[in-house]
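Structure, as structure tokens:
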Amino acid sequence: MQASVPVRAPTWVSQRRLFQQKLSELHKCNNLNELKQLHALIYRSYLHQDPFLSTKLITSYSNCRQMVSAISVFNQVQTPNVHLYNTMIRAHVHNSQSLQAFDVFYRMQCNGVWPDNFTYPFLLKAFSGPSYISVVRMVHAHVEKFGFYSDIFVPNALLDSYSKCGVMGVHAARKLFWVMEMRDTVSWNTMIGGLVKLGEVVEGRELFDEMPERDSVSWNTMIDGYVKGGEMDAAFELFQRMPERNVVSWSTMISGYSKAGDMETARMLFDKMPVKNLVSWTIIISGYAEKGIVKEAIELYDRMEEALLRPDDGTIISVLAACAESGLLGLGERVHVTIERSRYTCSVHVCNALLDMYAKCGSLNRALSVFYRMRSRDLVSWNAIIHGLAMHGNGREALQLFTGMKQEGFAPDKVTFVGVLCACTHGGFVDEGIHYFYNMERDYGVTPEIEHYGCIIDLLGRGGRLNEAFQLVHDMPIKPNNVIWGALLGACRMHNAVELAEEVLNQLVKLEPYDSGNLSMISNIYAAAGNWDKVCDARLKMKNTGSQKPSGASLIELENEVHEFTVVDKSHPKSVRIYQMINGLSQHLKKDGYTADEILKENYSGSLGGSL
DNA sequence: CTAGGGTTAG
């Protein structure tokens, strides 16, 4: 095709003007190719020593996750000033390289450049977490020594970092807060936030009432404190009283009602809120999806797309996790389509959420396909796929992947071993599981925790090795919880061990006296043993305590609709056809020499739910 | 420097 408009060669002047304009916005550049071109031009123009330009280049490379380039720009500068060092620290922090950030902090001082009031807030961002309290203390001492208290940003950053360091940290934050000579609204907000995150809502409220001026962050922080503590009434009271509600205030309330299971109120607020953003949509959609309310979830997902809001990683991960939880394969696939359409590559986190969704929904082939096609895999990816395979009876494959992850140099963690033990349980590899359990600490430095004891006791119990299971519960260094006793009780039921079951029940009633599941389990055990007096006792107790066991249900999602079935359920419109199919299946099974109980024994994973 | 959604287990 011929060009209808003649292309005019750009003049030197207009090129230069363009270059200068590009340079002024260099730090906002997020296109890697363009960034490289500009970098080349800068280099050719001998401008790479320019402190302003190199700072902007580092920021851009850091935003494009190109730390190698960022570092090389930094190294080109012969005598970096404090601003450049600060930029480099921030770049490392932004790319979660906290050790490297600290290294820059150290090197700048070796080179005789002293940190300024910007350095500390950047540096402290890298060390937020309970394990970093000693680092924060050290930085605090540094601040004390160099006297940067005068800039309120510095002690505020310290407050924030301390308050993220658990109980000890919040104690230090409290002390610092009260000795600070100046406190602005951010200081108060940070302190309140630290307190309520640890569950100290009452103390947080005292500060909230005491502070001289409250901004929207103060109100939202306090509301979230109540929300996280499940005190929705107190949260609502503040929500109504606050002078100006913004999108965060509404979202916090919606998230609270959703977590409390009150989707009606959540939805009412969502419809009422004047301005919605990605986060508010995410909260309401995942709320519905988590509870298996597919229709509303999909409807809102459509409406979000119609509103031309592009889901970000947070939305995608959150919705996929909700789909995984309640097995909404349909919506999960919709989200997958969105991902494929909108991005060329996606982050490890998004892929992990996707593969986990497919695995939990039972679509192992697609889970594996996501897993193998991922550009890079992290520990979470391996853990998710191993556990996914294990849960669905592919124990051998799960263990093969366990070998694979070690070959690729990943160190298994405690989550991995939950998956590995689960694989052994569901694959029936009793001795192999015992071997992993007893050697995980020696071979991989992972100390067995209560979850692992739960797995191994389940494994022994299902394998019929009840005595060993009981012995282990007796010998274990951790106090057994209801999961452990529950696993034993299940094993007793499976192997008709009436006396042992009574012993377990005695322990279990201490922990959860009115749990209907336990009573119903023991009643089944007595029934199997023909001890009808005891069956009556148990039934009576259930009646007296008013606890009725909610019947187990199987949920199947078909074409964006969830179908629920309970035992001998005939309410489904197509139930005649369904039972015909089931009878056909059981006849096939019988012909092959299986009885229902045998199947249960071999494949009793809880995933069968209520038998149809 | 402070507020809402965020992947693996239980």
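Just so we're on the same page: letters track the sequence lines, and every chain starts at 1.
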* So with a 6.0 Å cut-off around CD of Glu213(A), is the heavy-atom count from everything else above 12? -> no

* Structure fact -> Closest non-hydrogen contact found for Tyr358(A) with His336(A) is OH-ND1, 2.7 Å

* Asked: Does the gap between the ring centers of Phe239(A) and Trp219(A) come in under 6.0 Å?
  -> no

* To do: Pick base, sugar-phosphate or nothing for Asp378(A), based on heavy-atom distances below 4.0 Å to the nucleic acid.
  => nothing

* Structure fact -> Counted 5' to 3', the first and last nucleotides of DNA chain B within 4.0 Å (strictly under) of a heavy-atom of chain A are dC1(B) to dG10(B)

* To do: Decide if the gap between the ring center of His142(A) and the ring center of Phe105(A) is smaller than 6.0 angstrom.
  => yes

* Asked: Where is the tightest heavy-atom contact between Ser218(A) and Asn189(A), given as atom of each residue plus distance?
  -> OG-OD1, 2.8 Å

* Hey, does Val247(A) reach any base, or is it just sugar-phosphate, or nothing, if we go heavy atoms under 4.0 Å? -> base

* For Val279(A), answer base if it contacts any base atom (sugar-phosphate contacts may also be present), sugar-phosphate if it contacts only those atoms, and nothing otherwise; contact means non-hydrogen atoms under 4.0 Å. => base

* Asked: Using a cut-off of 4.0 Å on non-hydrogen atoms, how would the nucleic acid contact of Asp313(A) be classed: base, sugar-phosphate, or nothing?
  -> base

* Look at all strands and tell whether Asp184(A) reaches a base, only sugar-phosphate, or nothing, counting heavy atoms closer than 4.0 Å. => nothing

* Considering only heavy atoms, which members of residues 137-152 of chain A lie under 4.0 Å from some atom of DNA chain B? -> none

* Structure fact -> Taken in chain and number order and not counting sequence neighbours, the residues that satisfy side-chain hydrogen bond (donor to acceptor under 3.5 Å, both in side chains) with Ser369(A) are Arg373(A)

* To do: Tell me what His349(A) touches on the nucleic acid: a base, only sugar-phosphate, or nothing, going by heavy atoms under 4.0 Å.
  => base

* Asked: Are side-chain heavy atoms of Met232(A) and Thr265(A) found at a separation under 4.5 Å?
  -> no

* Have a look at Asn277(A) and say if it touches a base, only the backbone sugar-phosphate, or nothing, with a 4.0 Å heavy-atom cut-off. => base

* Asked: Just checking Lys228(A): base, sugar-phosphate only, or nothing, at a heavy-atom cut-off of under 4.0 Å?
  -> sugar-phosphate

* Asked: What is the nucleic acid contact for Thr315(A), judged by heavy atoms within less than 4.0 Å: base, sugar-phosphate only, or nothing?
  -> base

* Would a line drawn from the ring center of Tyr301(A) to the ring center of Trp281(A) be shorter than 6.0 Å? -> no

* In this structure, which one of Glu299(A), Glu305(A), Glu340(A) forms a salt bridge (charged side-chain N to carboxylate O under 4.0 Å, His left out) with Arg334(A)? -> Glu305(A)

